[in-house]
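Written below as structure tokens is the structure these notes are about.
Chain letters run A, B, ... following the sequence lines, proteins first and then strands; every chain starts at 1. Small disclaimer: the values here were computed from a predicted structure and weren't measured.
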Amino acid sequence: MPELPEVETVCRGLASCLEGRRIERVDVRRSGMRIPFPKGLASVMQGRKVTRVTRKAKYILMYLDDGHVILAHLGMSGRMVISSEKVSPGRHDHIVLTTNEATTIMFNDPRRFGLLTFTTDQELAGHRLLRDLGPDPLDRGFTPEVLSQSLRGRSTNIKSALMDQKLIAGLGNIYVCESLHWAGISPRRRSLSVPGLRAKRLVPAIKKILHEAILAGGSTLRDHIQPSGELGYFQHQFHVYDREGEECLRDTCIAKGVRIKRIVQSGRSTFYCSECQR
DNA sequence: CACTCTCCCTGAAAGC
DNA sequence: TGCTTTCAGGGAGAGT
């Protein structure tokens with residue numbers, strides 16, 4: 001499922017085939033996904049040159065040369081399938097773009113939790129989907145002090161707090177679980193006990209996990225150009241995520257045969273090791 | 001305001 | 001084997 005590292009990789013893939021190119025054809029194949037496609041979506045994109053493709057948290061931003069910005073979110077099953085050959089769209093290919101270099105980009109999303117809409121340069125920062133987002137965890141400005149400040153006084157558990165996009169924008173279930181494990185912090189711990197020393201471990205842990213995931217995604221980027229491309233899906237070496245009942249791989253746990261646990265917090269599965277995460 | 005729950009949707013996997 | 005049920009997840013909006 002696409003979280004920040006996957007979205008980052010998707011952005012790089014889109015940038016490589018869209019930046020500086022013109023969108024020649026736009027095929028909108030249904031009325032909407034999580035939200036309806038706005039009126040005039042196709043005509044806004046058609047004939048425009050893409051100047052830049054970037055990311056804000058888990059949102060993809062495609063800047064057009066007339067000041068419009070395409071705003072896309074992959075939800076949990078969304079993919080951007082890039083192909084240099086002619087391909088016929090399938091049931092879940094909801095939007096198909098063709099560039100002046102005959103590259104096809106299909107926004108595929110079986111569960112339709114994703115979205116695609118447009119706004120303008122001017123209105124971007126105040127857009128309702130973006131305005132309440134917290135800092136991006138990979139920004140230089142995301143420091144232990146900043147995290148501490150937003151966790152201070154919060155009584156909810158640290159796992160749910162890190163999932164809250166208003167506090168930090170871009171983490172999802174997988175990378176929250178993995179970051180807490182790397183930092184040795186229990187997901188059950190109350191947020192207000194994290195500021196200070198634990199935040200000093202947690203922030204570098206988050207950055208490290210995200211950077212490694214982006215690197216892993218980056219190495220498979222080449223494959224995305226293939227028609228069968230699996231853009232947005234990567235095999236990662238998880239230490240805790242989806243490993244309930246399996247051994248914790250940490251040095252200090254491996255000899256003891258400690259098992260990964262699964263609990264539910266705020267309606268979401270949390271995977272952790274109760275031995276090395278306190 | 002802080003926080004949790006529900007819902008949207010489909011495909012994979014588990015259960016019968 | 002094949003049908004039915006369960007589960008997963010991001011985030012908006014409702015509910016406590």
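- Screening A:Lys159, A:Gln265, A:Glu3, A:Arg268 against A:Asn173 for a side-chain hydrogen bond (donor to acceptor under 3.5 Å, both in side chains) leaves a single residue, A:Lys159.
- If you take CG of A:Asp132 and P of C:dG10, they are 19 Å apart, rounded to a whole angstrom.
- At B:dG11, one or more side-chain N or O atoms of A:His92 fall inside 4.0 Å of OP1 or OP2 (strictly under the cut-off).
- A donor-acceptor contact under 3.5 Å is formed by the side chain of A:Arg111 with the base of C:dA8.
- The side-chain hydrogen bond (donor to acceptor under 3.5 Å, both in side chains) test with A:Asp136 singles out one residue from A:Lys56, A:Arg55, A:Lys58, and that residue is A:Arg55.
- Rounding to whole angstrom units, CZ of residue A:Phe271 and P of C:dC7 are separated by 13 Å.
- Nearest nucleotide to the side chain of A:Ser155, out of C:dG9, B:dT10, B:dC3: B:dC3.
- Rounded to a whole Å, the CG atom of A:Asp242 is 12 Å from the C1' atom of C:dG9.
- The separation between A:Gln265 atom CD and B:dA2 atom C1' is 17 Å, rounded to whole Å.
- Toward the 5′ end of DNA chain B lies the nearest nucleotide of A:Ser160, the other residue of the pair A:Arg91 and A:Ser160 mapping further downstream.
- Paired with A:Val69 under the rule side chain to side chain contact (heavy atoms under 4.5 Å, CB included), one option of A:Thr51, A:Val44, A:Thr54, A:Leu61 passes, and it is A:Leu61.
- Residues A:Met80 and A:Leu18 form no side-chain contact, since every pair of their non-hydrogen atoms from C-beta on lies 4.5 Å or further apart.
- Taking 4.0 angstrom as the limit, A:Tyr241 places none of its side-chain polar atoms (N or O) nearer than this to OP1 or OP2 of C:dA8.
- In terms of heavy atoms, A:Asp109 sits closest to A:Gly78 at OD1-N, 3.5 Å.
- By the 4.5 Å heavy-atom criterion applied to side chains, A:Val258 and A:Cys276 are not counted as neighbours.
- Residue A:Gly114 is out of contact with every strand shown, counting any heavy-atom pair closer than 4.0 Å.
- Atom CZ of A:Arg190 is separated from atom P of B:dA2 by 15 Å (rounded to the nearest Å).
- Note: NE2 (A:His94) to P (B:dC8) measures 17 Å, nearest angstrom.
- For the pairing with A:Tyr272, the side-chain hydrogen bond (donor to acceptor under 3.5 Å, both in side chains) check across A:Lys261, A:His181, A:Gln277, A:Arg188 returns one residue only, A:Arg188.
- OP1 or OP2 of C:dG10 has not a single side-chain nitrogen or oxygen of A:Arg112 nearer than 4.0 Å.
- A:Asp164 has its CG atom 14 Å from the P atom of B:dC1, to the nearest Å.
- Using a 4.0 Å heavy-atom cutoff across all strands shown, A:Arg30 reaches no nucleic acid atom at all.
- Distance from the side chain of A:Ser266 is smallest to B:dT4 among B:dT10, C:dA8, B:dT4.
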Close N or O pairs between protein and nucleotides 11-13 of chain C (under 3.5 Å):
residue	atom	partner	partner atom	Å
C:dG11	OP1	A:His73	NE2	2.5
C:dG11	OP2	A:Lys58	NZ	3.3
C:dG11	O6	A:Arg268	NH2	3.1

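- Regarding A:Leu167, its CG atom lies at a distance of 11 Å from the C1' atom of B:dA2, rounded to whole Å.
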